[in-house]
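Some notes on the structure that comes next.
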Amino acid sequence: AQKVTQTQTSISVMEKTTVTMDCVYETQDSSYFLFWYKQTASGEIVFLIRQDSYKKENATVGHYSLNFQKPKSSIGLIITATQIEDSAVYFCAMRVTNSAGNKLTFGIGTRVLVRP
Amino acid sequence: AQTIHQWPVAEIKAVGSPLSLGCTIKGKSSPNLYWYWQATGGTLQQLFYSITVGQVESVVQLNLSASRPKDDQFILSTEKLLLSHSGFYLCAWSLDRGDTQYFGPGTRLLVL
C-alpha cells in the first residue's frame, strides 16, 4: 500500500520570499509518479507539477520546482518569489504505475499563508 | 480545451434522503473519470473511477454508487444519505491511465 506524509501543518512566509514544503512517500513499487496540487480558498484543486520516478532531473514549472530525493523517498515543493495568491493548501500525491483505478494517494496537506 | 462542470454547486440535504451529483467533461472523448471525497479540513480520497461508458469501479465503499451513462458524464448517487456523507465531492479526469488528473470545481454537501 502507498502512503504519503506531509508533516508541516502550516507555513507562514513573507511575500516575495521562497517557501519549501516537505513530502515523504512510501511504496514498494519501483515505478511511480509524484504530484503537487494546490487547493484555493474556494476549494478549487489545481495541478501544479509532477515528477516521474524514472527521471533524475527535478521538475520545474514557472515559479514551482521540486526537490526529488529518491533514496530518501522525498519530494519537496519549492515556490520562489511567492505572491499573496500563493496562499492555499498544498497537497502532495502519489500514483504507482500499476495502481488499480489510476489511484492517487494524497497527503493531508500543508497550509501556506503568504503575508504582505 | 477541456472543461469540467459539476452540479449542483452546493446542496443541503436531510439524513435518509437521496442524492445525485453530476459531472460533465467537454472537449475530450473517452476520458478516464474519477470521483473524490474530501471531509472538511481533510485530505482527498478516491471513491470511484471509470475508463469507459457503463464501466465503473469502486475504490472505497461509503454507501455511495456511481454510474457513467454517457461518455462525458459521471454521476454519484445514493438512496439514503448519512451524516458522514457531508463534505466536498470532486470529479476529476485524465486522458488515460497514465496521465495527470485534473479536477472539477466540486460540490459541497451538507447532510443534516
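Note that the structure is a prediction, hence the values are computed from the model and not measured. Residue numbers begin at 1 in each chain, while the letters A, B, ... track the order of the sequences.
Note: Tyr32(A) and Tyr25(A) meet the aromatic proximity criterion, with ring centroids under 6.0 Å apart. For Trp35(B) and Phe48(B), the gap between ring centers reaches or exceeds 6.0 Å. Between Tyr37(A) and Phe47(A), the distance separating the two ring centers is shorter than 6.0 angstrom.
Only the backbone of Ser42(A) comes within contact range of chain B, with heavy atoms under 4.5 Å apart. For Gln39(A), the part lying under 4.5 angstrom from a heavy atom of chain B is the side chain only. Both the backbone and the side chain of Leu44(B) come within contact range of chain A, judged by heavy atoms closer than 4.5 Å. For Gln38(B), the part lying under 4.5 angstrom from a heavy atom of chain A is the side chain only.
The heavy-atom pair separating Pro8(B) from Leu21(B) by the smallest distance is CD-CD2, 3.8 Å.
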